[in-house]
K.L.:
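Let me give you the structure first, and then I'll get to my questions.
Quick caveat, the model's predicted, so the values are computed rather than measured.
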Amino acid sequence: MRYRPFGASGSTVSTLTMSIGLDALANGPDAAESLIYSALESGINSYRLETADPVVAEVVGRALSNVDRRLLNVSMMLGTGDGRRNSERDFSAEGMTASIDRALNVSGLKWFDTAILQQPGEDELSQSSLNALKSLRATERVKYLGIGGDDDVLDTYVSTGAFDVLATPNHVNVDWRVQSRIRHAREQDMAILAYDYFPESLDTPAKAANTDKPKFGFFGLGQPRNKNPLAGMGTFAFLHDTPNWSAEAICLAHAMTDPSICSVIVHAADAKRLDQLATIPERDMPPGLAAQIEMARVRTAA
């Protein structure tokens, strides 16, 4: 595992952040704890709670209880619900404060390094909500405030200077607006967490090549016409043809080549998959692969 500075905080985080949500509890709390132990053994010291659900917080807190809290970086998403209410989104002062306090109480984590507001709308953060966030930070229940999502409204939130962390999608074919947002956040010394490094649009050779539907002969005999032997050239199809590398591994390795990114958020349902992901930070991408990615990105944009 490799480690990077967490923005201007002075602390360091592993280049992988393990995301833990309700799906991690599908096989029971003991299995979820065991998975976190595997993450710790792999050198992962950064964890993100996808929800304020108290059961998730309790499991995470119990699994991390034997590690010096100062060596960990634990964040929690706000606005995604806490598993108890029907409402999925709650950016009210009362709702966010209650979520943080309840999660801290059941987990024993003492504090959250970052509270990440996930995709708040332009008018969803009232002045009372902002004051509540400042109070959480002033009382050290939360060290840093973060903003996450991919809407253009995030540009406004980043420009306010009120947030310390940006959680953003980042992959080989990410939109130029997202790239610009990352650059702007870095200029403000924000710590940047990347997610969605392997989007659905790249998960199969056909999707990565973005091939057109085949054209059939005039008499409808079902045979392709004018088949192009170079189909897939200049696209991301090569992701699925690189020896000894899976497409996901390439995308994860590429996301970590950006020095602006502190850590990449990953999901793992079992220890085997976690071990596979944990080996990627130590691998060097094959020569020429970065150039192929850039050429495919330019051609796709064009």
K.L.:
Kindly say whether His254 contributes a backbone atom to a donor-acceptor pair with the side chain of His171 at under 3.5 angstrom?
P.N.:
no
K.L.:
Mind checking whether Tyr157 and Phe163 have parallel, tilted or perpendicular rings, split at 30° and 60°?
P.N.:
perpendicular
K.L.:
Counting distance only, does the side-chain N/O of Asn105 pair as donor-acceptor with the main-chain N or O of Asp101 below 3.5 Å?
P.N.:
no
K.L.:
Can you confirm whether Glu187 is buried at CD, in the sense that more than 12 heavy atoms of other residues, nucleotides or ligands lie under 6.0 Å from that atom?
P.N.:
yes
K.L.:
Distance alone, cut at 3.5 Å: any donor-acceptor contact between the side chains of Thr114 and Ser75?
P.N.:
no
K.L.:
Check for a donor-acceptor pair, side chain of Arg2 on one end and backbone N or O of Pro281 on the other, with a separation under 3.5 Å.
P.N.:
yes
K.L.:
Around atom CD of Glu282, are there more than 12 heavy atoms of other residues, nucleotides or ligands at under 6.0 Å?
P.N.:
yes
K.L.:
Can you see whether Ser159 engages Thr156 through a side-chain donor-acceptor pair at a distance of less than 3.5 angstrom?
P.N.:
no
K.L.:
One pair to check against side chain to side chain contact (heavy atoms under 4.5 Å, CB included): Ser11 and Arg70. What are the steps and the verdict?
P.N.:
CA-CA 9 Å; Ser11 62; Arg70 294 169 296 179; over 6 Å; no
K.L.:
Is Ile100 reachable from Trp111 through a run of hydrophobic residues whose side-chain heavy atoms are each under 4.5 Å from the next?
P.N.:
no
K.L.:
Please lay out, stage by stage, how Arg177 and Asp175 fare under the test salt bridge (charged side-chain N to carboxylate O under 4.0 Å, His left out).
P.N.:
CA-CA 5 Å; Arg177 288 182 289 260; Asp175 189 272; 3.3 Å; yes
K.L.:
Would you call Arg186 and Asp258 a salt bridge, taking side-chain N to carboxylate O under 4.0 Å as the test?
P.N.:
no
K.L.:
So, Glu41 versus Tyr37: side-chain donor-acceptor pair below 3.5 Å or not?
P.N.:
no
K.L.:
Membership question, hydrophobic clusters at under 4.5 Å side-chain separation (ILVMFWY): are Val67 and Met76 in the same one?
P.N.:
yes
K.L.:
Is the number of heavy atoms from other residues, nucleotides or ligands under 6.0 Å of Asn244 CG greater than 12?
P.N.:
no
K.L.:
Salt bridge check: are Asp152 and Arg181 linked by an N-O gap of less than 4.0 Å?
P.N.:
yes
K.L.:
Any chance the side chains of Ser19 and Arg48 put a donor and an acceptor closer than 3.5 Å?
P.N.:
yes
K.L.:
Is there a donor-acceptor pair under 3.5 Å between the side chain of Ser34 and the backbone N or O of Ala31?
P.N.:
no
K.L.:
Passes side chain to side chain contact (heavy atoms under 4.5 Å, CB included), Met256 versus Leu16? Steps please.
P.N.:
CA-CA 9 Å; Met256 290 186 290; Leu16 296 185; 4.1 Å; yes
K.L.:
List the steps, then state whether side chain to side chain contact (heavy atoms under 4.5 Å, CB included) holds for Ile147 with Leu166.
P.N.:
CA-CA 5 Å; Ile147 193 78; Leu166 172 66; 3.9 Å; yes
K.L.:
Between Arg69 and Asp113, does any side-chain N to carboxylate O distance fall below 4.0 Å?
P.N.:
yes
K.L.:
Determine whether Val59 and Val106 fall in the same hydrophobic cluster, where Ile, Leu, Val, Met, Phe, Trp and Tyr are linked whenever their side-chain heavy atoms lie under 4.5 Å apart.
P.N.:
no
K.L.:
Look at the side chain of Gln188 and the backbone N and O of Val158, then say whether any donor-acceptor pair between them is shorter than 3.5 Å.
P.N.:
yes
K.L.:
Roughly how far, to the nearest 0.5 Å, is CG of Asp90 from OG of Ser99?
P.N.:
6.5 Å
K.L.:
Measure the OG1-CD distance between Thr51 and Gln118 for me, rounded to the nearest 0.5 Å.
P.N.:
12.0 Å
K.L.:
Between Asn66 and Leu40, is the side chain to side chain contact (heavy atoms under 4.5 Å, CB included) condition met? List the steps.
P.N.:
CA-CA 11 Å; Asn66 292 323; Leu40 289 169; over 6 Å; no
